[in-house]
> 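The structure follows.
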Number of protein chains: 2
Amino acid sequence: MDKKKFSSSVEDYLEAIYFIAKKKDRVKTSDIASFLGHKPPSVTEMLEKLSKEGLVKHKKYGIVSLTPRGMRIAKEVSSKHMVLVSFLELLGMDRRIAEIDACKIEHVVTRKTMNRLKKLVEFVQRAPKKPEWLEHYKHFIKTGEHPECKKKA
Amino acid sequence: MDKKKFSSSVEDYLEAIYFIAKKKDRVKTSDIASFLGHKPPSVTEMLEKLSKEGLVKHKKYGIVSLTPRGMRIAKEVSSKHMVLVSFLELLGMDRRIAEIDACKIEHVVTRKTMNRLKKLVEFVQRAPKKPEWLEHYKHFIKTGEHPECKKKA
DNA sequence: AATGTTTGTTAGGTTAACCGAAAAATTTAA
DNA sequence: TTAAATTTTTCGGTTAACCTAACAAACATT
């Protein structure tokens, strides 16, 4: 239906605003700039664009908020982010690296693949007991060997 | 040491040249253009750039080839691509979608995460027998239930 | 070898997303 | 409540990667 494709950059801004708004009630240009590591003029410019697109509410020199549409997209991106981080942590990556990858992958992955990864995370989380294969996998990473392949004694 | 970061676009061009060269001995501007879905002038422009960077050999109106450096990068990207496709197929994605995701993710994923995914693919491929958990996972995707969680009879 | 077709390059243009410097608005504080 | 400090915007630039239209080179055919 309403599946307009936004740039990585647009998604990053919306996600940033969403994230900042969870902690501070007034989101300012400078908050977004420092969060994203950009300079204020870039933020002003992007806010103008997002505002025209109906994704944020922002008047000159005022505070920033997400419109319902902006919020919906921010939540979608943020949810991809969380799934990706969980997935990578499952594989035993540090959270730090997991975050770096998630921030990139979240913008390019298809919905179908995203769903699969989400299912995988759920599959593991909802398993009745901690899955053995994950332990075996981690063992394989260290040693290059399958635990099942016992050498003859 | 020599870990210069190239744009997704540069990586795509190198990968395309590498791919085309596996089938045809003479890689031309138009081959690259149609492979990538770009117009010839864009290709000419990029070839100039890649040539200056020492990644391809190309003289006006001539054929294109990868330098050793270009080849190394092309192979790295292509190998990421293959690992990603294998991984996604493991999760039961169609090859078509797997390809789409791989083409995007290959440019943004960190080396560490790439290695983990590669290990996962190897872990499954080299398992002594087809891993049960993968069947269970696919069952979980369909039904939302863990096969182990048997209901009381 | 002249000519027409195909292919590749040049030239000029667009868009997205960043930047720094300077100007303007807002906020703080004397 | 005015002046100073801070924040935000405006303005003008830059870069990467695409494009179209026009031109030039290469190729293929007779």
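Order of the sequence lines fixes the chain letters, A, B, ..., with proteins taken first and strands second; residue numbering starts at 1 for each chain.
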> Is there a side-chain polar atom (N or O) of K49(A) under 4.0 Å from OP1 or OP2 of dA17(C)?
yes

> Considering only side-chain heavy atoms of K39(A), which listed nucleotide, dC18(C), dC19(C), dT9(D), is closest?
dC19(C)

> Return the value, rounded to whole Å, for the distance between atom NZ of K28(B) and atom C1' of dT9(C).
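Going from K28(B) (NZ) to dT9(C) (C1'), I get 15 Å.
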
> Is the shortest side-chain N/O distance from T29(B) to OP1 or OP2 of dT9(C) below 4.0 Å?
yes

> Can you check whether S42(B) has a side-chain N or O nearer than 4.0 Å to OP1 or OP2 of dC18(D)?
no

> How long is the line joining CZ of R26(B) and P of dT7(C), in whole Å?
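Taking atom P of dT7(C) as the reference, CZ of R26(B) is at 13 Å.
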
> Does a side-chain N-to-carboxylate-O contact under 4.0 Å join K80(B) and E76(B)?
no

> Answer yes if the ring centres of F87(B) and F87(A) are under 6.0 angstrom apart, and no otherwise.
yes

> Between atom CG in L47(A) and atom C1' in dC18(C), what is the gap in whole Å?
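Result: 14 Å.
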
> Is there a side-chain contact between S30(B) and the phosphate of dT6(C), meaning an N or O under 4.0 Å from OP1 or OP2?
no

> Fit a plane to each ring of H146(A) and F140(A), take the angle between them on a 0 to 90° scale, and name the class: parallel (under 30°), tilted (30 to 60°) or perpendicular (over 60°).
tilted

> Does E53(B) come within less than 4.0 Å of K4(B), counting only side-chain N to carboxylate O?
yes

> Using the six-membered ring wherever Trp is involved, compare the ring planes of W133(B) and W133(A) and label them parallel, tilted or perpendicular (cut-offs 30° and 60°).
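Rings of W133(B) and W133(A): parallel, as their planes differ by under 30°.
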
> Can you see if the side chain of K60(B) gets near the phosphate of dA24(D) - specifically, an N or O under 4.0 Å from OP1 or OP2?
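Checking K60(B) against dA24(D): no side-chain N or O falls below 4.0 Å of OP1 or OP2.
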
> Which one, dT8(D), dC18(C), dA17(D), comes nearest to the side chain of S7(B)?
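Selected nucleotide (nearest to the side chain): dA17(D).
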
> Does E99(A) come within less than 4.0 Å of R95(A), counting only side-chain N to carboxylate O?
yes

> Could you pick out which residue, P41(A) or H58(B), lies toward the 5' side of DNA chain C when each is mapped onto its nearest nucleotide?
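Final value for this comparison: H58(B).
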
> In whole Å, I'd like the distance from the NE2 atom of H38(A) to the P atom of dA17(C).
10 Å

> For a quick test of reading the model: is some side-chain N or O of Y13(B) closer than 4.0 Å to OP1 or OP2 of dA16(D)?
no

> Pick base, sugar-phosphate or nothing for S9(B), based on heavy-atom distances below 4.0 Å to the nucleic acid.
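Sugar-phosphate only.
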
> Output the rounded distance in Å from NZ (K59(A)) to C1' (dT9(D)).
17 Å

> Quickly work out the M46(A) CE to dT10(D) C1' distance and round it to whole Å.
18 Å

> Measure CD1/I63(B) against P/dA26(D) and give the value in whole Å, please.
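Distance check: I63(B) CD1 to dA26(D) P gives 14 Å.
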
> Looking only at the side chain of P40(A) (C-beta and beyond, no hydrogens), which of the listed nucleotides dT10(C), dA16(D), dT9(D) gets closest?
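Looking only at side-chain atoms, P40(A) lies closest to dT9(D).
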
> Please report the distance, rounded to the nearest Å, between CZ in F6(B) and P in dT15(D).
19 Å

> Out of dA25(D), dT9(D), dT10(C), which nucleotide sits closest to the side chain of Y61(B)?
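Output: dA25(D).
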
> What's the closest nucleotide to the side chain of E45(B) if the choices are dC18(D), dT9(C), dA16(C)?
dC18(D)

